[in-house]
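Per chain, numbering begins at 1; letters A, B, ... match sequence-line order. The analysis underlying the following values was restricted to heavy atoms, covering all of them including side chains, and did not include hydrogens, waters or symmetry mates. In this text, all values refer to a predicted model and were calculated from it rather than measured experimentally.
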Amino acid sequence: MNTSDNFFERVYEVARLIPYGRVTSYGEIAKYLGAARSARMVGWAMNNSHAQTLEVPAHRVVNKQGLLTGKHHFQGTNVMQQLLENEGIIIKNNQIQDLETVLWIPSQELS
DNA sequence: ACCATGACGTTTC
DNA sequence: CGAAACGCCATGG
């Protein structure tokens, strides 16, 4: 659990670094971690994020399309959308508008 | 070691 | 433009 959690822990770490009013994609996180092909694992880690002591802003993590694919895993059906909209992000039909504006790339911001 | 699953991503029809 | 298929990789049984 400890050694393998390292991968997940990295995901949670980056997820918490997402600034307010910004979002990122699983692929970008995976890429930042050096596993660009492991975008699915990022989602898997998010699934286990609830097991983490510190809460992870998983609602700020969406797919490359800016689609709230993971909203189904939240408490309700539109909780994830409400949280993002509360941060000033506009969402239409589970899809983030002006994604390029709100998209936050760790490898770019964190260099 | 093999098979099945998954909050993704890209390519193809 | 929309849907489906394939690829990719880690975890669990």
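If you take CG of A:Asn47 and P of C:dT11, they are 13 Å apart, rounded to a whole angstrom. To the nearest angstrom, C1' of B:dG9 lies 21 Å from OH of A:Tyr32. Nucleotide B:dA7 holds its P atom 15 Å from the CD atom of A:Gln65, rounded to whole Å. Note: CG (A:Leu67) to P (C:dA3) measures 11 Å, nearest angstrom. Put simply, NE2 on A:His50 is 13 Å from P on B:dA7, counting in whole angstrom units. Between the P atom of B:dG9 and the NZ atom of A:Lys64 lies a distance of 7 Å, rounded to the nearest Å. A:Phe8 has its CZ atom 12 Å from the C1' atom of B:dA7, to the nearest Å. One atom, CZ of A:Arg40, and another, C1' of B:dA4, lie 12 Å apart when rounded to the nearest Å.
Donor-acceptor pairing under 3.5 Å, judged by distance alone, is absent between the side chain of A:Arg37 and the base of C:dC9.
Within the nucleic acid shown, A:Asn63 comes within 4.0 Å of sugar-phosphate atoms alone, with no base atom in reach, counting heavy atoms only. A:Ala58 comes within 4.0 angstrom of a nucleotide base, judged by non-hydrogen atoms across all strands.
Counting heavy atoms from C-beta on, the side chains of A:Val61 and A:Val23 never come closer than 4.5 Å.
Classification of A:Arg60 and A:Glu87 as a salt-bridged pair holds, one side-chain N sitting under 4.0 Å from a carboxylate O.
In this structure, A:Thr69 reaches the B:dC8 phosphate: one of its side-chain N or O atoms is under 4.0 Å from OP1 or OP2.
Taking only side-chain atoms of A:Trp44, from C-beta outward, the nucleotide of B:dG9, C:dT11, C:dC9 with the closest atom is C:dT11.
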If you apply the rule side chain to side chain contact (heavy atoms under 4.5 Å, CB included), what do you find for A:Leu103 with A:Arg22, and how did you get there? CA-CA 6 Å; A:Leu103 183 61; A:Arg22 294 291 179 94; over 6 Å; no

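A donor-acceptor pair shorter than 3.5 Å cannot be found between the side chains of A:Asn78 and A:Lys71.
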